[in-house]
Amino acid sequence: MNSRAFFVVSAAAAILFALGFLVIPRAVARLYGVVADQEAILAFRYFGVALLGVGLIFWFAKDVQDQDARNAILTGAGIANQIGLVVSLWGTASGIMNALGWTIALLYLALGAGCFYFRGGDRVLTWDSIPSIRRTISK
């Protein structure tokens, strides 16, 4: 798999989940063993909007040739996927989600690993590989 294919797969996964959370949030929640009240349904729909944004960014960036731009997208998504992995592990291990929650954890793990695999040059995320954050914090 090349990075363009990874961008397409990431876009498809995000858009598929986004549509589920936007259109049928109660059914998606039930699938994972979560009982959702009206407030949770609203939060799920907002989550769907965020996932739709991520999916569209990956879709429209699939042919971007600038390596710095691709690395910025992959770094941001990689960090978000790592945090999503932690939240999914906690939600499943604590019993908030049923056993199907482990599939979400695996998806976050795979997408996060892919993000860092397809980063160019320094594939390991270090403090020095995030100069814009370092500059902002130093000010």
Side-chain angles (χ1 to χ4, degrees):
M1 177 182 288
N2 60 27
S3 64
R4 183 183 190 282
F6 178 74
F7 271 58
V8 170
V9 167
S10 296
I15 291 170
L16 178 68
F17 277 95
L19 292 174
F21 281 111
L22 284 168
V23 179
I24 52 170
R26 192 176 310 276
V28 173
R30 227 177 293 130
L31 185 66
Y32 291 96
V34 176
V35 178
D37 58 14
Q38 285 302 104
E39 291 82 5
I41 295 299
L42 178 62
F44 289 149
R45 286 198 165 120
Y46 276 122
F47 181 57
V49 171
L51 283 176
L52 182 62
V54 169
L56 292 174
I57 288 167
F58 269 102
W59 179 256
F60 290 117
K62 68 185 182 299
D63 294 317
V64 169
Q65 297 300 312
D66 183 85
Q67 194 60 46
D68 287 339
R70 292 178 78 80
N71 283 349
I73 293 166
L74 290 167
T75 299
I79 292 168
N81 281 312
Q82 287 178 334
I83 295 169
L85 172 62
V86 170
V87 171
S88 297
L89 290 172
W90 170 77
T92 306
S94 68
I96 295 171
M97 291 192 292
N98 61 24
L100 198 55
W102 296 114
T103 63
I104 300 301
L106 288 174
L107 181 62
Y108 274 122
L109 178 64
L111 292 175
C115 285
F116 292 111
Y117 176 79
F118 287 112
R119 285 185 75 239
D122 63 334
R123 293 187 190 259
V124 177
L125 184 62
T126 64
W127 184 251
D128 291 331
S129 67
I130 316 174
S132 60
I133 293 175
R134 201 174 65 241
R135 277 194 306 271
T136 302
I137 293 173
S138 298
K139 289 183 179 180

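Within the structure, every pair that satisfies the ring-ring contact (aromatic ring centres under 6.0 Å, His included) test and touches residues 47-66, not counting sequence neighbours, is listed here: Phe7-Phe58, Phe21-Phe47. Listed by first then second residue, pairs satisfying salt bridge (charged side-chain N to carboxylate O under 4.0 Å, His left out) with a partner in residues 92-105 number zero, not counting sequence neighbours.
Ser3 is linked by a side chain to side chain donor-acceptor pair (under 3.5 Å) to Arg70, counting only residues two or more places apart in sequence or in another chain. Listed by chain and number, the residues in a side chain to side chain contact (heavy atoms under 4.5 Å, CB included) with Asp66 are Val64, Asp68, Ala69 (sequence neighbours excluded). Shown here are the side chain to side chain contact (heavy atoms under 4.5 Å, CB included) partners of Leu16, two or more places apart in sequence or in another chain: there are none. Scored by the side chain to side chain contact (heavy atoms under 4.5 Å, CB included) test, Leu19 finds Ile15 as partners (sequence neighbours excluded). Residues passing the side chain to side chain donor-acceptor pair (under 3.5 Å) test with Arg4, sequence neighbours excluded: Asp63.
Annotation for Phe6 and Leu74: closest pair CE2-CD2, 3.9 Å, computed over non-hydrogen atoms.
Taking CG of Leu89 as the reference point, atom OG of Ser94 lies at 10.5 Å (rounded to 0.5 Å). Here the straight-line distance linking atom CG of Leu52 with atom CZ of Arg45 works out to 14.0 Å at 0.5 Å rounding. With values rounded to the nearest 0.5 angstrom, Lys62 atom NZ is found 12.5 Å from Asn2 atom CG. Here the CE atom belonging to Met97 is positioned 3.5 Å from the OG1 atom belonging to Thr92, to the nearest 0.5 angstrom. Rounding to the nearest 0.5 angstrom, the gap separating the CD1 atom in Ile73 from the OG atom in Ser10 is 11.0 Å.
Under a hydrophobic-cluster definition in which Ile, Leu, Val, Met, Phe, Trp and Tyr are linked whenever side-chain heavy atoms come within less than 4.5 Å, directly or via other members, Leu51 and Val23 are assigned to the same cluster.
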Tabulate below the donor-acceptor pairs under 3.5 Å that side-chain atoms of residues 33-44 make, not counting sequence neighbours, or state none.
| from | atom 1 | to | atom 2 | distance (Å) |
| --- | --- | --- | --- | --- |
| Asp37 | OD1 | Glu39 | N | 3.3 |
| Asp37 | OD1 | Ala40 | N | 2.8 |
| Gln38 | OE1 | Arg26 | NH2 | 2.8 |

Under 3.5 Å, side-chain donor or acceptor atoms of residues 99-116 against the rest of the protein: list the pairs with distances, not counting sequence neighbours.
| from | atom 1 | to | atom 2 | distance (Å) |
| --- | --- | --- | --- | --- |
| Thr103 | OG1 | Leu100 | O | 2.5 |

